[in-house]
Every structure is written in C-alpha cells, then in structure tokens.
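Proteins get letters first, then strands, A, B, ... in listed order; numbering begins at 1 in each.
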There are 2 protein chains.
Amino acid sequence: MIKQKNEDIAYEKIKRAMMLKRLVAGQRVTEEWVGNELKMSRTPIRAAFNRLENEGLMELVPHRGAFVCNPSDKELEDVFNLRIVLESYAAELAVHQMTEENFQEMDQLLEEERKAYEKKDYEEFLRINAQIHAYPARVAQNKFLLQEVEKLNQWSDCYLILRDNFYSTPMNQALSIPEHQGVVTALKKRDIAAAKKAIEAHMLSTLNDLSERTSIFN
Amino acid sequence: MIKQKNEDIAYEKIKRAMMLKRLVAGQRVTEEWVGNELKMSRTPIRAAFNRLENEGLMELVPHRGAFVCNPSDKELEDVFNLRIVLESYAAELAVHQMTEENFQEMDQLLEEERKAYEKKDYEEFLRINAQIHAYPARVAQNKFLLQEVEKLNQWSDCYLILRDNFYSTPMNQALSIPEHQGVVTALKKRDIAAAKKAIEAHMLSTLNDLSERTSIFN
DNA sequence: TTTTAATAAATTGTATACAATCTTAATATA
DNA sequence: TATATTAAGATTGTATACAATTTATTAAAA
C-alpha cells in the first residue's frame, strides 16, 4: 500500500467537490480556505491548484485567488469536437489490434455501466464511462493519445456538471448505454467507418442534450 | 512590465537547458541542485518540476529525484502521428476562416524562418517553427486544440534534441522551409486535402530524418 | 460630490525548517 | 560467502514564517 501524497488527496477532493457541486462554476477559493477545509498547509493545496489550472478546471489569478472554471458554450463544443477527433483516431488505431479478450473486457464494462445506472450510483457510472471512452486509446498504446483522451473526458464531466447540465437526471445516462454498445459492436465487426460514426453520434448526442438543458425553461 | 514568477523562470531555464543539451536525456537532477544553480529555494523549482512532468519532459520519482525524459523511438512516432491528426484537424477548421491578413502573417513567418536559418539562429528558428505549426489552430480559435498542438510541438523539439537527432545540423531545417511553404500554398487555395497531405508529408519527413540519424553509423 | 493619494488588509510567492520516506551502506547472522 | 538486519544518508513532502504584490479602505484634496 503506497501512501498517497497530500497534494494528490487535495487534487482529488477538490475535483470531487466540483463533481458534487459543493464548488460551483466561477466560485472564488483561496489556498488558505481550502487548506483549512482539508486540514492541510497551503503547500500541497498550491500544488493541487496548479495541476487543476493546467487541466483547465481552475483559473489562477495572481494575488487574487483561484476560481473554479466557468465554461462557455463555445468551450464545451470545442472540447466535444476535439474528443470526436481523438477518440475516432484511437478507434482507428485499435480496431485491428483488439483481441477477443479486449472485447470481453469491453462487454464487461458495458455490463458494469448498466448496473451502476440501475443502482443510481452516478459517481460509479462516470468512472466506468471514462474507462469505456478511453479503452480504444489504451489498446492503441499511444500514451500521449491516452492521456489526452482521459483529460478531455474529465474536463467534459466537470464542465457538464458545473453547468448543471448532465447527470443531474439519469435520462442522459440511460441514452448513452446503447450508444456505447453501438461503438463496441462496430469495433467487433472491425468496421472503422461505423465505429467512427457511432463515436461521433454519441458525442453529439451528449452535446445536444446539453444544449436543450441549457434553455432557461428546463 | 509584469514581473515573472521564479517558478516560471525556473521552468523556462530548465527547458532551455534541455534544448541546449546542458541537461541530457535520462539525467538525474534534484530540487536542491537546480535550486543552487538557479539561486532559488526549492519551492519554485518544485513547481517547475511538476509542470515539466505534466508535459512529459521530466519524470519524477518520489524520494529519488527527477529525471530528464528519455524518449523511445515508439514515443517519438506516437507524438508525430498525433501531431498529424491534430494539425490536420486544425487546418480543416481554419481553411475557410483564413483571411488575406492571415495569409500575409503566415508569409511573414515563413520569411522570418528563412532569415533565422540564414543567421543560423537555431533557437529563433525553433520559435518561429512553433508559431507556424500552431497558426491554423490559432485561427480555428479552439483553445484546447491550440494548447495541445503547442504542447506536442514543444515535446517534439525537446525529444529530438535530447536524442541528438535534429537541429544539430542545419540540413533538416533547410528541408522544412519549402515544406512549410507547401502547407501555406494549399491553405491559400482552400484545398484542405492538399493541406492535410502536406502536413502529413512534412511531419513524416521530419520523423524519417530522425530514424536515419538514429543509426549508429551516422 | 468626485477624484486622488495614502494606508491597511488580504493573498499569493518564496525561503526555510522539519518530518517522512526511500536508498545505500554497514553490520550482524546463518 | 550470502543473506538478512540495522543504521545512516539523501531526497522529497509538508508546515510555517516572511516578503512581495495586489486589492480594498480610508482620508484628503479638488
């Protein structure tokens, strides 16, 4: 059992606070305040802030404080479009490398996703969702690609939640299960065109759902 | 004039030391040692190390030290292939947004690149090279895409230099000038297929040159 | 009243001291 | 000699004190 560093714990807890909306978009937080909340000194908090800034989840303003990111519609669109490009590329690389074992693992992830949905365990659902999206990049074994796919996925989760748009209702999760299934089916057929189409459709479906929810009448 | 933070200065200087091969691939460096060299305390050095690790230029091993990255052939290939994907996508987004002014700016960058080559100012050459590669992503105004394109470009530079493969001789720089020209020409014609082809060809030409130089007989 | 200047407060940026952890070397034991 | 144990050293990880910088407040002047 390796002991986790405080700066890692701080990073995780701040991100989780965003996911649970205990920190809201645009909110100002200071190193001292978070340090008191987490009962740590400012040193590890500072390291965590830097990491979060680098990942686009916080904005650091010198001598003023740190701010939880407040993503615009444009930024969300940009991220989703980039995810389409990267995950499609990952699928292209992976499609001829996937073994029977890989397909079994993907099926199991889909199964676990379904269970998490039924249990209404949204944090678990998001965790598995991230694994599914990153799976082709993992098979492709391009670590730079994998890192970026995982990072953008995390961005998406935080952004959507901070904007109150997603996973607040379980409806959207229900939809994504068959869409994930569709991607896996295409990969099994080694049909890269179909896989890309399914990835793009799934990503846009998520994004569109978002646009609807953004309406003030929802 | 905004005063730069020590952690930013440290970050820049460490990266520059890599570019000038004062730090070599795999070399071990400690926070204390770098702090003494740069006449700073460990605090800003530590922040710089974290940033460099996040960008893949260093590897941090708890309680053992930090190591300058030692990229493998596979990693270099992976990065260049990813750059093809991202810069092609950027070109696709930018191709119909580029104005006459944009084209003039690109031409000017090409001109400056030529001058830097003639002056044998390699640091300047690399700086302009980075601007040229990032230009379409900048026009596309997807800040996530731009950030990633710039980051991968920097990786490439450091990796190539750490492996003694590039820009040690001016030959490779001479080659890339007409290749850059080719990309710009295609963009001017709004010919996205040609632009993508030119981008891919340029990237692979750089990578191939690398493979040749990797031979122990060179 | 509005603008300007000076001062105080808040916050980050940095240095330093100390604690925890890992590595290495020395020592003891089989 | 080989292996296990222990201790010492080196290095990062964390807390804290202080410096530098920015913002907010107050007071003064126009």
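Gln131(A) is linked by a side-chain contact (heavy atoms from CB on, under 4.5 Å) to Leu109(A), Arg127(A), counting only residues two or more places apart in sequence or in another chain. Residues forming a side-chain contact (heavy atoms from CB on, under 4.5 Å) with Arg46(B) (at least two apart in sequence, or on another chain): Glu7(A), Glu31(B). Not counting sequence neighbours, the partners of Phe144(A) by the ring-ring contact (aromatic ring centres under 6.0 Å, His included) test are Trp155(B). In this structure, the side-chain contact (heavy atoms from CB on, under 4.5 Å) partners of Asn70(A), at least two apart in sequence or on a different chain, are Ala25(A). The salt bridge (Lys or Arg N to Asp or Glu O under 4.0 Å) test applied to Arg16(B) returns Glu123(B), not counting sequence neighbours. The side-chain contact (heavy atoms from CB on, under 4.5 Å) check on Glu37(A) picks up Trp33(A), with sequence neighbours excluded.
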Any protein N or O atoms within reach of nucleotides 6-11 of chain D? Criterion: under 3.5 Å, listing atom names and distances.
residue	atom	partner	partner atom	Å
dT11(D)	OP1	Arg28(B)	NH2	3.2

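In this structure, Leu60(A) places its CG atom 10 Å from C1' of dT12(C), rounding to the nearest Å. Rounding to whole angstrom units, CH2 of residue Trp33(A) and C1' of dA10(C) are separated by 17 Å. Rounded to an integer number of Å, the gap from CD of Gln4(B) to C1' of dA20(D) is 16 Å.
Note on Glu118(B) versus Lys115(B): no salt bridge recorded, every NZ/NE/NH1/NH2 to OD/OE distance being 4.0 Å or above.
For the side chain to side chain donor-acceptor pair (under 3.5 Å) condition, the pairs that include at least one residue of residues 94-105 of chain A, sequence neighbours left out, are Thr99(A)-Asn102(A), Asn102(A)-Tyr135(A), Glu105(A)-Tyr135(A).
For the segment residues 5-13 of chain B, residues with any heavy atom less than 4.0 angstrom from an atom of DNA chain C are, sorted by number, Lys5(B), Asn6(B), Glu7(B). In the region residues 36-46 of chain A, proximity to DNA chain C at under 4.0 angstrom, judged on heavy atoms, holds for Arg42(A), Arg46(A).
For the 3.5 Å distance criterion, the side chains of Gln141(A) and Lys74(B) fail to qualify, holding no donor opposite an acceptor.
Using a 4.5 Å heavy-atom threshold, the side chains of Lys5(B) and Pro44(B) count as separate.
Defining each end axis of the helix from dT1(C)-dA30(D) to dA30(C)-dT1(D) as the rotation carrying four pairs' C1' atoms onto the next four, with five pairs an end, the two axes are found to diverge by 10° to 10 degrees.
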Donor-acceptor pairs under 3.5 Å, side chain of residues 58-66 of chain A to any protein atom, not counting sequence neighbours: which ones?
none

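Few gaps surround NZ on Lys151(A); more than 12 heavy atoms of other groups in view lie less than 6.0 Å from it.
Cation-pi geometry between Arg83(B) and Phe80(B) is met: under 6.0 angstrom from the ring centre, within 45 degrees of the axis.
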